[in-house]
Amino acid sequence: MSRIWNFSAGPAALPEEVLRQAQEELLDWRGAGCSVMEMSHRGKEFMSILEQAEADLRELMGIPEQYKVLFLQGGATQQFAQIPMNLLAGRSADYIVTGSWSKKAFKEAQRIGNVRCAATTEASNFTRLPFANEIQLDPFAAYLHVCTNETIHGVEIPAQRIADTGVPLVADMSSHILSRPVNVEKFGLIYAGAQKNIGPSGLTLVIVHRDLLGMAPLTIPTVMDYAVMAENGSMLNTPPTYAIYIAGLVFQWLKRQGGLEGMAAVNDEKARILYECIDQSGGFYTNPVDPDCRSAMNVPFVLANAELDAAFLAESKAAGLLSLKGHKSVGGMRASIYNAVPLAGVQALVDFMNDFAKRNG
């Protein structure tokens, strides 16, 4: 059976090379006589996997020593609560809302403490970033939260738009982390669910500056305290061992692709040909997002004639193109073209879209 081109928003495609290596090592990891899934998380074999994964991630992202790397559980959604639990410290925080996920993060933080919406583009259906005169920041905020890539709405904050505001910047990078270089030192905390560009679901990555550790009140659960997790090397309790192992294989695969610089070049070309297909379709397909902030990872689009949606999805699936249906909250279509989706996969999608438009336009 041949593998399909997987455009799922998450859990998403993994590099075939990584899957084959995991398959080869499934029953016996490098002579250990057992699977990684069966290892003690405190044994020397798994500890070597964890240490190598962190070392490779630090190399890929250029993570300075003053940042702790935490391999946690609970998904990015748990971080919506865990961040204010750790960082508010009796103060207020600002949130910029540019799509469904930053809106959810803001709503969850409101349950924890005093947070305020510094800007929102909901009135524009989350199709753009806020203008400078729409952003009202508190210079004394405990932190400023942003989602640098909105998976559902396809809005991405370009690196040049990320400025120093004088307060710690907290970023949900779940759906574009590792897709291109990032200056980690611009951020106080970066977090990401793994199931898009890192590895399988069940793992959550948190990169946090040490100055933000130790501010959590004693009333929060111990397992939710970043400082405690950092002191215990992410192993206060049993971590998601197999997901960490797969993530480590992905990090090594990324290094073989030329690191994040090499990956960015491929991702830019993938996004270019897909948006070009949409923009040059004569209105058959349209993308609603301001071109200045279109996501290179998640590309939503609609057909001019919505009555063709069902045919588009059925025929694309038959052509080996999977998971192109848009999120239920926005409808239409969406192609998630993460790192593991090769240029050939995006070209196959573009060829199908051009042919479908020619036959139905």
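Index from 1, following the sequence.
- With salt bridges taken as basic N to acidic carboxylate O contacts below 4.0 Å, one links Glu269 and Arg272.
- There is no side-chain donor-acceptor pair under 3.5 Å between Asn125 and Thr127.
- Remark: Lys68 does not engage Glu54 in a salt bridge, criterion side-chain N to carboxylate O under 4.0 Å.
- Panel note: side chain Thr151, backbone Ala9; no donor-acceptor pair is recorded below 3.5 Å.
- Taking the side chain to side chain donor-acceptor pair (under 3.5 Å) definition, one finds that Thr98 meets it with Glu150, sequence neighbours left out.
- Under a 3.5 Å cut-off, the side chain of Lys104 and the backbone N or O of Gly99 do not form any donor-acceptor pair.
- Within a 6.0 Å radius of CD in Glu307, no more than 12 heavy atoms belonging to other residues, nucleotides or ligands are found.
- Donor-acceptor pairing under 3.5 Å is lacking for the side chains of Gln66 and His209.
- Look at Lys255 and Asp56 and you find a salt bridge, because one of the NZ, NE, NH1 or NH2 atoms lies within 4.0 Å of a carboxylate O, short of that distance.
- Side-chain contact of Tyr338 with Asn298: a donor-acceptor pair under 3.5 Å is present, judged by distance alone.
- Under the 3.5 Å distance criterion, the side-chain polar atoms of Ser35 are matched with a main-chain donor or acceptor of Leu26.
- The line from CD of Gln257 to CG of Leu178 is 12.5 Å long, rounded to the nearest 0.5 Å.
- Between the side chains of Gln79 and Gln82, at least one donor N or O sits under 3.5 Å from an acceptor N or O.
- For the pair Glu17 and Arg256, the salt-bridge criterion is met [side-chain N within less than 4.0 Å of a carboxylate O].
- In this model, a donor atom of one side chain and an acceptor atom of the other lie less than 3.5 Å apart for Asn267 and Asn339.
- Salt bridge annotation for Asp290-Arg294: absent, with no cationic side-chain nitrogen under 4.0 angstrom from a carboxylate oxygen.
- Aromatic ring orientation, Trp101 versus Phe80: tilted (interplanar angle from 30° to 60°).
- Residues Phe352 and Phe312 place their aromatic rings such that the two centres sit under 6.0 Å apart.
- Under the 3.5 Å distance criterion, the side-chain polar atoms of Lys196 are left unmatched by any main-chain donor or acceptor of Pro11.
- A salt bridge between Lys103 and Glu108 is absent, with no side-chain N of the basic residue lying under 4.0 Å from a carboxylate O of the acidic one.
- Lys107 NZ: 12 or fewer foreign heavy atoms inside a 6.0 Å radius.
- For the pair Tyr67 (side chain) and Phe187 (backbone), a donor-acceptor distance under 3.5 Å is present.
- Inspection of the His145 and Ser102 side chains reveals no N or O donor paired with an N or O acceptor under 3.5 Å.
- Looking at Asp309 and Lys325, no side-chain N of the basic residue comes within less than 4.0 Å of a carboxylate O on the acidic one, giving no salt bridge.
- Taking 4.5 Å as the limit, every side-chain heavy atom of Leu213 sits out of range of all side-chain heavy atoms of Asp225.
- Remark: aromatic rings of His41 and Phe46 are distant, center separation not under 6.0 Å.
- A donor atom on one side chain and an acceptor atom on the other are found under 3.5 Å apart for Ser295 and Asn149.
- Under a cut-off of 6.0 angstrom, the local environment of NZ in Lys317 is sparse, with at most 12 non-hydrogen atoms contributed by other residues, nucleotides or ligands.
- Here Glu25 pairs with Arg30 under the salt bridge (charged side-chain N to carboxylate O under 4.0 Å, His left out) rule; sequence neighbours left out.
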